[in-house]
Chemist: 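Submitted below is the structure of interest, expressed as structure tokens.
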Amino acid sequence: MVRVKAQGGRCSNYETLVHKIMKVLITGGNGFVGSALLQHLSQSSLEVSSICRRDIDDPQSIEQHIVEDLTVLDDWSALLQSVDVVVHCAGVAHAAASEAEFNAINVELTLRLAKACVEAGVKRFVFLSSLKALGETTSTAQPFNSETSAKPQDAYGRSKLQAEQKLYQLAECNCLELVIIRPPLVYGPGVKANFQRLLQLSNWPLPFAAIKNRRDMVSVYNLCDLIVRCIDHPAAKNQTFLVSDGKAYSLANLLRAMSAAQGKRSWLWPVPAPWLRACLKLLGRADFAQRLLGDLEVDISHTVKTLDWKPQYTLEDTLRKMRI
């Protein structure tokens with residue numbers, strides 16, 4: 001790879017970007033969202049490159065930069081040469097990570113990359129944050145919205161919020177347009193963790209028929225569609241957007257939809273939510289009980305209005321695409 005000297009900050013008008021082929025760099029090309037985004041962009045008119053830890057099976061139109069550990073990368077100039085927009089999907093989210101790991105990757109790495117973008121003259125930085133930057137639960141009367149005060153409850157959420165704050169400070173002092181996207185749980189082909197476990201259990205007899213909570217999620221297809229909209233939409237500049245499928249599901253209805261997508265019948269029987277919470281608390285899983293049984297609703301009206309965008313894929317659409 002040829003190294004080039006970082007260019008001075010370009011502050012050309014944003015409108016000029018839409019009249020030429022834009023060059024977009026995606027970080028985290030091996031990740032769940034990053035890989036889906038690359039597939040989404042493979043047929044676009046954009047010039048797309050990606051930073052990956054290892055080779056990915058993608059169309060030849062996508063240029064790959066293999067970087068095994070971004071935290072030790074000092075010189076970003078060659079990767080950012082002539083790049084107009086960076087979409088930063090790389091990060092750490094697994095529960096086993098320490099607070100120091102979350103800070104090193106989700107905060108410090110993100111800030112170093114953004115500073116390198118300023119030096120290289122990148123016009124726009126799209127940061128994939130998380131709804132956890134706001135908190136873990138909502139009440140039925142007040143879903144999370146664009147005006148909600150941030151109260152993250154875990155190290156991951158705190159790291160995402162801190163990264164957002166540092167990025168806004170950087171953007172205010174430089175010619176860098178910042179876009180922040182806060183998704184809730186993302187699901188789709190290749191998803192793992194809790195959604196995959198629920199999918200595997202959805203045809204078992206389960207005590208969740210009485211659970212009428214309301215939780216928002218987002219299909220990876222809807223998320224990728226929104227990210228692409230944020231790449232070149234003038235109104236996205238210096239905005240923070242919440243995203244979801246636009247429909248909240250109870251745990252019971254989610255399990256029924258999963259079973260139906262597999263052509264099977266769900267076997268749910270009713271146990272009152274307080275009983276389930278008490279049992280899980282006795283097992284030391286009060287945090288899991290809240291994620292499973294609590295509410296987490298998202299008001300995406302600001303996103304829809306600002307970007308003239310709406311989610312195209314339903315839960316059922318995405319489950320069918322997962323070929324389960």
Side-chain angles (χ1 to χ4, degrees), residues 26 28-44 48 56-59 61-62 87 89 93 128 130-131 143 181-209 211-231 241-269 291-293 295-300 303-304 307-324:
I26 312 297
N30 297 117
F32 173 49
V33 175
S35 59
L37 181 58
L38 289 177
Q39 289 291 334
H40 195 87
L41 288 169
S42 62
Q43 302 300 318
S44 74
V48 181
I56 53 178
D57 183 18
D58 265 314
S61 60
I62 295 178
V87 180
C89 298
L128 191 66
S130 170
L131 196 66
I181 300 174
R182 291 170 169 168
L185 183 150
V186 185
Y187 67 97
V191 69
K192 298 178 181 178
N194 291 336
F195 193 91
Q196 181 62 32
R197 284 192 283 271
L198 276 179
L199 195 58
Q200 294 168 345
L201 292 172
S202 61
N203 300 312
W204 290 39
L206 295 170
F208 300 133
I211 305 303
K212 306 300 182 184
N213 60 342
R214 295 178 58 81
R215 295 191 72 87
D216 272 298
M217 305 174 294
V218 63
S219 164
V220 72
Y221 300 111
N222 286 330
L223 177 57
C224 288
D225 188 54
L226 178 65
I227 292 173
V228 173
R229 182 64 62 96
C230 289
I231 285 174
F241 297 112
L242 306 188
V243 60
S244 76
D245 289 340
K247 179 179 179 180
Y249 281 81
S250 68
L251 177 60
N253 287 338
L254 173 61
L255 290 166
R256 291 185 182 109
M258 288 176 167
S259 295
Q262 299 174 78
K264 298 180 180 179
R265 177 184 175 185
S266 63
W267 297 90
L268 303 180
W269 44 284
R291 292 195 299 273
L292 190 68
L293 308 175
D295 293 324
L296 185 63
E297 288 193 86
V298 184
D299 177 357
I300 62 171
T303 304
V304 171
L307 300 177
D308 189 25
W309 174 89
K310 63 180 180 180
Q312 299 296 319
Y313 287 87
T314 65
L315 171 65
E316 291 78 10
D317 293 334
T318 306
L319 288 173
R320 284 192 292 270
K321 281 183 169 287
M322 293 172 68
R323 299 177 181 175
I324 55 178

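The residues of the chain are indexed from 1 along the displayed sequence.
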Chemist: Determine, step by step, whether K247 and L315 satisfy the side-chain contact (heavy atoms from CB on, under 4.5 Å) criterion, reporting the C-alpha distance in whole Å, the side-chain angles of both residues, the deciding distance to 0.1 Å, and the verdict.
Modeler: CA-CA 9 Å; K247 179 179 179 180; L315 171 65; over 6 Å; no
Chemist: Hey, what do you get for OG (S259) to CG (L268), rounding to the nearest 0.5 Å?
Modeler: 7.0 Å
Chemist: What's the spacing between L293 CG and R291 CZ if we round to 0.5 Å?
Modeler: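 One finds 11.0 Å between CG of L293 and CZ of R291.
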Chemist: To the nearest 0.5 Å, what is the distance between CD (Q196) and CG (L201)?
Modeler: 10.0 Å
Chemist: Look only at the side chain of N213 and the backbone of D295, and say whether a donor-acceptor pair between them is shorter than 3.5 Å.
Modeler: no
Chemist: Nearest heavy-atom pair of T303 and L242: which atoms, and what distance?
Modeler: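 Closest pair (atom of T303, atom of L242, distance): OG1-O, 2.6 Å.
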Chemist: Please report, to 0.1 Å, the donor-acceptor pairs under 3.5 Å made by any side chain of residues 217-229, with sequence neighbours excluded.
Modeler:
unit_1	atom_1	unit_2	atom_2	d
S219	OG	Y221	N	3.1
S219	OG	T318	OG1	2.8
N222	OD1	Q312	N	2.9
N222	OD1	Y313	N	2.9
N222	ND2	D245	OD1	2.7
N222	ND2	Y313	O	2.7
D225	OD2	W309	NE1	2.8
R229	NH1	L307	O	2.6
R229	NH1	D308	O	2.9

Chemist: Quick check: do P189 and M322 have side-chain heavy atoms less than 4.5 Å from each other?
Modeler: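 They are in contact (side-chain heavy atoms under 4.5 Å apart), so the answer is yes.
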Chemist: Is R256 close to Y249 at the side-chain level, that is, under 4.5 Å between some pair of heavy atoms?
Modeler: no
Chemist: Tell me every residue that passes side chain to side chain donor-acceptor pair (under 3.5 Å) with R215, counting only those two or more places apart in sequence or in another chain.
Modeler: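 Scan of R215 (side chain to side chain donor-acceptor pair (under 3.5 Å), adjacent residues dropped) gives none.
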Chemist: My understanding is that only residues two or more places apart in sequence, or in another chain, count here; which of them pass side chain to side chain contact (heavy atoms under 4.5 Å, CB included) with K212?
Modeler: none
Chemist: Quick check: closest heavy atoms across G31 and S35, and the distance to 0.1 Å?
Modeler: O-OG, 2.6 Å
Chemist: Where do S250 and N253 come nearest, in terms of heavy atoms and distance?
Modeler: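 In terms of heavy atoms, the two residues are closest at OG-N, 3.0 Å.
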Chemist: Got a sec, which residues hit side chain to side chain donor-acceptor pair (under 3.5 Å) with D299, two or more places apart in sequence or on another chain?
Modeler: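 Residues passing side chain to side chain donor-acceptor pair (under 3.5 Å) with D299: S301.
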Chemist: Measuring from atom CE of M258 to atom CD of E316, what distance do you get when rounded to the nearest 0.5 angstrom?
Modeler: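 The CE atom of M258 sits 11.0 Å away from the CD atom of E316.
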Chemist: I'd like to check S42 versus V48 (side-chain heavy atoms, cut-off strictly below 4.5 Å). Are they in contact?
Modeler: no
Chemist: Apply side-chain contact (heavy atoms from CB on, under 4.5 Å) to D216 and I300, showing your working.
Modeler: CA-CA 11 Å; D216 272 298; I300 62 171; over 6 Å; no
Chemist: Name all residues meeting the side chain to side chain donor-acceptor pair (under 3.5 Å) criterion together with R265; count only those two or more places apart in sequence or in a different chain, and write none if there are none.
Modeler: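 If we apply the side chain to side chain donor-acceptor pair (under 3.5 Å) test to R265, skipping adjacent residues, there are no hits.
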Chemist: What's the separation between atom CG in L296 and atom CG in L185, rounded to the nearest 0.5 Å?
Modeler: 9.0 Å
Chemist: Looking only at non-hydrogen atoms, find the nearest pair between W267 and N203 and report the distance.
Modeler: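 Taking every non-hydrogen atom into account, CD1-O, 3.6 Å.
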Chemist: Between L198 and L255, is any pair of side-chain heavy atoms under 4.5 Å apart?
Modeler: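 Answer yes - side chains close enough.
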Chemist: Just jot down the ring pair (Phe, Tyr, Trp, His ring centres under 6.0 Å) partners of F241, sequence neighbours excluded, or say none.
Modeler: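 With sequence neighbours excluded, F241 shows a ring pair (Phe, Tyr, Trp, His ring centres under 6.0 Å) to H302, given in chain and number order.
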Chemist: Between L199 and Q262, does a side-chain contact (heavy atoms from CB on, under 4.5 Å) hold up when you go through it step by step?
Modeler: CA-CA 10 Å; L199 195 58; Q262 299 174 78; 4.1 Å; yes
Chemist: To the nearest 0.5 Å, what is the distance between CG (L37) and SG (C89)?
Modeler: 5.5 Å
